[in-house]
A.B. asks: 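First the structure, then my questions, so here it is.
Computed from a prediction, not measured in an experiment: that's the story for all the values here. Lettering follows sequence order; numbering is per chain, from 1.
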Protein chains: 2
Amino acid sequence: MNAPARKTSAATAKDREATKRRLIEAVGRVLARQGFQAVGVNTVAREAGVDKVLIYRYFDGLPGLVAAFAREGGFWPDLDELCGGDRQAFLALPFAKRMSLAVRNYLRAVRSRPLTREILAWRFLERNELTDALDTARAEAGAAILALAGEGVDRPDVDLPALHVLLGAAINHLAVRQDREPIFAGLALDDPATWERVEAMLDRMVRAVLGE
Amino acid sequence: MNAPARKTSAATAKDREATKRRLIEAVGRVLARQGFQAVGVNTVAREAGVDKVLIYRYFDGLPGLVAAFAREGGFWPDLDELCGGDRQAFLALPFAKRMSLAVRNYLRAVRSRPLTREILAWRFLERNELTDALDTARAEAGAAILALAGEGVDRPDVDLPALHVLLGAAINHLAVRQDREPIFAGLALDDPATWERVEAMLDRMVRAVLGE
DNA sequence: TGACAATGTCACTTGTCGGTGACTATCAAG
DNA sequence: CTTGATAGTCACCGACAAGTGACATTGTCA
């Protein structure tokens, strides 16, 4: 199903697929360079070097294009990244250590993905159709890691969901904030040393709450 | 300096001050009702029932108006609110208890101020001149409470700034998120019970890290 | 009274946004 | 070559944004 297209009228191959790809990639570039505020029909089309009408034709509008972009994936860390590569070794660790590691890796994952931070901020501020498209993948990624970290663990003495929510909220906030406002409560978020201190404190919190 | 204006040409009192106040209050209403996205020259002027050109004349543009609005204050909790009303009693508490109380009160303060949450979110999305005006007051409020909570305390074993940053980040994130997305990591942010759990976990974290 | 300055109104320009209708160019099938 | 479908271009629309210049209105002072 490649070389000379057969049948009815398969892909006149003036390169529709390539154009779609160019549009999807343009979304990523605009998002990374100018932020989500700039993600509009006109800007994205200009960035892709394509007429904006194609966004409507191929994706049924901007929300559709953003949804396609979201489906490309890669924004959210996968399980292997969060548990440090070796899932078996991860599961062999005691619970507190497991949580601590997952939290640290989540922080690093978000910090290393500018696009992810942008999406995080975006989803935060607008409840529109564009952002809905980006939600599903994130929710799934979050649920998966929590399930893995808590696998086979029974700790009725700790409100784990509440702990997760607080740790996740803190990390999300700091990561997003790093891009906008470099100083928070006297700490320089653009200084690597600050992030080491943050990691250390996260570790300490997790261990302290879970009882080492 | 009130009744019949003397001197040069003091305030022709077709009510410039009243108009300025109407504009400032209009910013608050628009912000509360429609969110910061809607805060524009046209909307605010319409809300105030005044011509938008006066925004330029009296405030030198929207940033100036927003700055005046920010100066009105009331968005950020003051020290008394954060330490529970009685500053003496607060200082008499052990450090861990003090921190725990301040954190809880900060959470409640933010949760009870829709306008504050809106400003918090706003600051996030735009690094423009409008939001700069809102920043100073917030930074000062934050520094003050941390100073009070840590007064006379010497805990070289704990990285207090890192702890503050993480707790503040978590609270800010959750509070803002509550308005946009009611579910976070499986917890319903619009359920009072959830917030009780969050408060309990914050308390537990603080005590665990500070060693009860 | 008349002059002047300040308050407030109105209409307008300019630019950008999302969105659409009509056009051309290309390719495959008959 | 003709037909017909699809890929892509272009010009335009209406809505709304920020900002401005000219005008009307009002109060104060000389």
Side-chain angles (χ1 to χ4, degrees), chain A residues 1-27 30-31 34-68 126 128-131 133, chain B residues 1-24 26-27 30-31 34-67 122 125-126 128-131 133:
Chain A
M1 61 171 88
N2 196 349
R6 321 166 283 113
K7 205 132 191 230
T8 55
S9 57
T12 2
K14 212 203 267 179
D15 246 344
R16 175 191 183 122
E17 290 311 312
T19 302
K20 288 174 75 171
R21 225 177 310 116
R22 292 180 69 180
L23 279 167
I24 290 175
E25 285 162 10
V27 171
V30 170
L31 196 53
Q34 301 169 253
F36 52 85
Q37 303 256 48
V39 176
V41 196
N42 296 298
T43 310
V44 170
R46 201 181 316 123
E47 172 73 27
V50 157
D51 197 281
K52 65 177 170 178
V53 80
L54 300 181
I55 295 177
Y56 297 100
R57 286 233 267 262
Y58 296 160
F59 300 98
D60 202 39
L62 194 58
L65 173 54
V66 172
E126 311 186 82
N128 61 30
E129 342 159 49
L130 291 190
T131 53
Chain B
M1 56 172 87
N2 196 347
R6 320 166 283 111
K7 205 139 191 221
T8 56
S9 57
T12 3
K14 212 202 264 180
D15 245 343
R16 174 189 183 120
E17 290 311 312
T19 303
K20 288 174 78 171
R21 225 178 310 117
R22 292 181 69 180
L23 279 168
I24 291 174
V27 171
V30 171
L31 195 53
Q34 303 169 252
F36 52 83
Q37 306 258 39
V39 176
V41 195
N42 296 298
T43 310
V44 171
R46 200 181 317 122
E47 174 72 29
V50 158
D51 196 283
K52 65 176 168 180
V53 80
L54 300 182
I55 294 177
Y56 297 99
R57 284 233 270 264
Y58 295 160
F59 300 98
D60 201 42
L62 194 57
L65 174 55
V66 172
W122 192 2
L125 142 72
E126 312 185 81
N128 61 29
E129 342 159 51
L130 288 191
T131 53

A.B. asks: Between NZ of B/Lys20 and CZ of B/Arg57, what distance do you get to the nearest 0.5 Å?
C.D. replies: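 If we round to the nearest 0.5 Å, B/Lys20:NZ and B/Arg57:CZ are 13.0 Å apart.
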A.B. asks: For A/Lys20 and D/dG8, what is the distance between atoms NZ and P respectively, to the nearest whole Å?
C.D. replies: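 Computing the A/Lys20:NZ to D/dG8:P distance gives 11 Å.
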A.B. asks: Within this structure, what is the CD-to-P distance between B/Glu17 and C/dG8, rounded to whole angstrom?
C.D. replies: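 After rounding, the reported distance stands at 10 Å.
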A.B. asks: Can you find a side chain N or O atom of A/Tyr58 that sits less than 4.0 Å from OP1 or OP2 on D/dG8?
C.D. replies: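 Yes, A/Tyr58 has a side-chain N/O under 4.0 Å of OP1/OP2 on D/dG8.
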A.B. asks: Between C/dC17, C/dT20, D/dT20, spot the one nearest the side chain of A/Asn42, thanks.
C.D. replies: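 From the listed options, C/dC17 comes nearest.
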A.B. asks: Between D/dA17, C/dG19, D/dG8, which nucleotide has the shortest distance from any of its atoms to the side chain of A/Asp15?
C.D. replies: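 Taking heavy atoms from C-beta onward, the closest nucleotide is D/dG8.
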A.B. asks: Can you check the A/Arg22 CZ to D/dG8 C1' distance for me, whole Å?
C.D. replies: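 It works out to 11 Å between those atoms.
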A.B. asks: With nearest nucleotides of DNA chain C determined for A/Arg57 and A/Arg46 from heavy-atom distances, which residue corresponds to the more 5′ nucleotide?
C.D. replies: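 The 5'-side residue here is A/Arg46.
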A.B. asks: Calculate, to the nearest 0.5 Å, the distance between atoms CG and NZ belonging to B/Leu23 and B/Lys52 respectively.
C.D. replies: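 NZ of B/Lys52 is found 13.0 Å from CG of B/Leu23.
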A.B. asks: B/Tyr56 has an atom OH; how far is it from atom P of C/dC10, in whole Å?
C.D. replies: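 Going from OH in B/Tyr56 over to P in C/dC10 covers 18 Å.
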A.B. asks: For the residue pair B/Asp51 and B/Ala45, what are the closest heavy atoms and their distance?
C.D. replies: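 Nearest heavy atoms, B/Asp51 then B/Ala45: C-CB, 4.1 Å.
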A.B. asks: With respect to B/Leu65, which candidate in B/Asp60, B/Val44, B/Val41 satisfies the side-chain contact (heavy atoms from CB on, under 4.5 Å) definition?
C.D. replies: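 Of all the options given, the one that passes is B/Val44.
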A.B. asks: Is there a donor-acceptor contact under 3.5 Å from the side chain of B/Thr19 to the main chain of B/Asp15?
C.D. replies: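 Pair found, side chain donor or acceptor close to backbone of B/Asp15.
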A.B. asks: When you get a sec, tell me which of D/dT9, D/dA7, C/dA6 is the closest nucleotide to the side chain of A/Arg16?
C.D. replies: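 Closest of the options to the side chain of A/Arg16: D/dA7.
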A.B. asks: Rounded off to whole Å, could you give me the CG-to-P distance for the B/Leu62 and D/dT20 pair?
C.D. replies: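 Those two atoms, CG and P, are 13 Å apart.
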A.B. asks: Closest-nucleotide mapping onto DNA chain C: is B/Val50 or A/Val39 further toward the 5' terminus? I mean the 5' end.
C.D. replies: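 Nearest-nucleotide comparison on DNA chain C picks B/Val50.
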A.B. asks: Could you check which of C/dG18, C/dC17, D/dT9 has an atom nearest any side-chain atom of A/Lys52?
C.D. replies: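 Minimum distance to the A/Lys52 side chain belongs to C/dG18.
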A.B. asks: CG of A/Leu65 versus C1' of C/dG18: gap in Å, rounded?
C.D. replies: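 So the CG-C1' distance, A/Leu65 to C/dG18, works out to 14 Å.
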A.B. asks: Rounded to the nearest angstrom, tell me the gap between atom CG in B/Leu54 and atom C1' in C/dT7.
C.D. replies: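 Taking CG of B/Leu54 and C1' of C/dT7, I get 8 Å after rounding.
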A.B. asks: Whole-Å distance between C/dT9 P and B/Asp51 CG?
C.D. replies: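 Atom CG in B/Asp51 sits about 6 Å away from atom P in C/dT9.
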A.B. asks: Can a side chain N or O of A/Thr19 be found less than 4.0 Å away from OP1 or OP2 on D/dA7?
C.D. replies: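 Looking at the OP1 and OP2 atoms of D/dA7, neither is under 4.0 Å from any side-chain N or O of A/Thr19.
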